[in-house]
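Reviewing the structure listed below.
Since the structure is predicted, the reported quantities are computational estimates derived from the model, not experimental observations. Whatever order the structure lists them in is the order used to number ligands and atoms, beginning at 1.
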Amino acid sequence: MNKKLVAITGAGISAESGIKTFRDSNGLWENHDIMEVASPQGWQKNQALVLEFYNQRRRQLHKVKPNKAHHILADLEQHFDIQVITQNIDDLHERAGSTNILHLHGELFKSRSSNNSNYIYEQKDDIKLGDKAEDDAQLRPHIVWFGEEVPLIPKAAEHIAKADIVLVIGTSMQVYPAAGLVNYISEKCQLIVINPDDTDYNFEKRAVHIKEKAVKGMEALYKVVLENKL
Ligand code: OAD
């Protein structure tokens with residue numbers, strides 16, 4: 001039986017595809033205050049602005065492609081039983097061919113009713129003011145905003161607790177509750193971090209840190225796997 005590998009990914013894995021990370025832009029997200037565009041308060045204040053912000057992100061997502069880091073992670077399914085737990089709202093893991101993906105913070109290519117989170121739809125194009133869900137409520141992006149519940153945390157924690165290897169790629173691990181998932185890593189679990197910058201995760205001391213960008217880091221990791229050293 002293959003070992004269980006859980007990959008926790010963040011904005012850094014999509015950076016080389018051309019999508020900006022959050023923390024690297026000084027609290028601004030594509031020139032917007034994060035709370036203006038990614039909180040229930042921001043939505044109450046200006047729905048048109050929030051919709052336009054995510055419409056732009058969605059249009060951008062149509063133009064970018066998965067990079068080699070996404071592809072190698074998908075290829076590793078030949079060697080491991082893999083669960084991807086991503087904080088990213090893009091679909092680049094799907095397009096690269098990964099099969100088991102949890103989107104903790106939602107998905108850009110989905111929308112939902114602003115009154116009922118069970119009414120979820122495919123959304124490849126813009127959401128406009130006046131676009132309604134089946135309960136007649138305005139459609140909003142299917143994104144977890146700051147201050148909202150993250151419903152997939154218990155499921156993610158279950159996977160992490162069972163992992164033989166946890167691979168953390170391109171995330172600052174600063175945003176809770178996602179950041180708290182590392183507390184479920186078992187004692188015997190092997191930990192690998194791919195991040196070009198220093199990190200201060202609480203498990204850093206017992207992790208192998210490949211201090212490279214995602215593509216180079218995943219190439220290095222793949223080599224180790226092919227040499228049967230993991
Ligand atoms: P961050 O922007 O907080 O962190 C990006 C991480 O990627 C940093 O640790 C960088 O050092 C690293 N990095 C930068 N370039 C990289 C590269 N080419 N290869 C590998 N790593 C690289 O992004 P997240 O941790 O994903 O939430 O942020 C978590 C959440 O905060 C997001 O999901 C979002 C945001 O607010 C919501 O929208 C709810």
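For atom 5 (C) of ligand 1, the nearest non-hydrogen atom from the set G170, G10, A178 comes from G170.
For the pair L226 and H79, the minimum side-chain heavy-atom distance is below 4.5 Å. Counting heavy atoms from C-beta outward, E94 and H103 have side chains that approach closer than 4.5 Å. With a 4.5 Å cut-off on side-chain heavy atoms, L61 and I19 count as touching. In this structure, the side chains of Q123 and H142 stay at 4.5 Å or more apart for every pair of heavy atoms. By the 4.5 Å heavy-atom criterion applied to side chains, L102 and H159 are counted as neighbours.
At a 4.0 Å heavy-atom cut-off, ligand 1 touches E16 through the side chain alone. Residue contacts with ligand 1 for T171 involve both N, CA, C or O and side-chain atoms from C-beta outward (heavy atoms, distance under 4.0 Å).
At least one heavy atom of P196 sits less than 4.0 Å from an atom of ligand 1. Remark: distances from the non-hydrogen atoms of W145 to ligand 1 are all 4.0 Å or more.
Using a 4.0 Å cut-off between a side-chain N of Lys or Arg and a carboxylate O of Asp or Glu, R57 and D90 do not qualify as a salt bridge. Using a 4.0 Å cut-off between a side-chain N of Lys or Arg and a carboxylate O of Asp or Glu, E148 and R140 qualify as a salt bridge.
Nearest protein heavy-atom contact of atom 36 (O) of ligand 1 is F146 CZ, 3.0 Å. The protein non-hydrogen atom at the shortest distance from atom 29 (C) of ligand 1 is Q87 OE1, 3.2 Å. Given atom 32 (C) of ligand 1, the protein heavy atom at minimum distance is F22 CE1, 3.3 Å. Closest to atom 28 (O) of ligand 1, if we only count protein heavy atoms, is R23 NH2, 3.4 Å. Of the protein's non-hydrogen atoms, the one nearest atom 17 (C) of ligand 1 is G12 O, 3.3 Å. Among protein heavy atoms, atom 15 (N) of ligand 1 sits closest to A15 CB, 4.1 Å. From the protein, the heavy atom lying nearest to atom 14 (C) of ligand 1 is D24 OD2, 3.6 Å. Scanning the protein for heavy atoms near atom 26 (O) of ligand 1, the closest one is A11 N, 2.8 Å.
Contact detail for A96 and A74: the closest heavy-atom pair is O-CB, 3.4 Å.
At a 3.5 angstrom cut-off on N or O pairs, I143 does not count as close to ligand 1. Considering backbone and side-chain atoms alike, A214 places an N or O below 3.5 Å from some N or O of ligand 1. Note: an N/O pair closer than 3.5 Å links S172 and ligand 1 by distance alone. Between H105 and ligand 1, a contact under 3.5 Å exists for at least one N or O pair. For a threshold of 3.5 Å applied to N or O pairs, the pair formed by N195 and ligand 1 contains at least one separation below that value. An N or O contact shorter than 3.5 Å is missing between V144 and ligand 1 by distance.
The CD1 atom of I13 sits 13.5 Å away from atom NZ of K68, with the distance rounded to the nearest 0.5 Å.
Heavy-atom proximity to D197, at under 4.0 Å, picks out these atoms of ligand 1: 10 (C), 11 (O).
Hydrophobic clustering, with ILVMFWY side chains joined whenever heavy atoms are under 4.5 angstrom apart, groups V50 together with I89.
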message = Pair I120, E107 - check side chain to side chain contact (heavy atoms under 4.5 Å, CB included), show working.
response = CA-CA 11 Å; I120 301 170; E107 294 172 67; over 6 Å; no
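Under the 3.5 Å distance criterion, with hydrogens and angles disregarded, no donor-acceptor pair is assigned to the side chains of Q56 and Q60.
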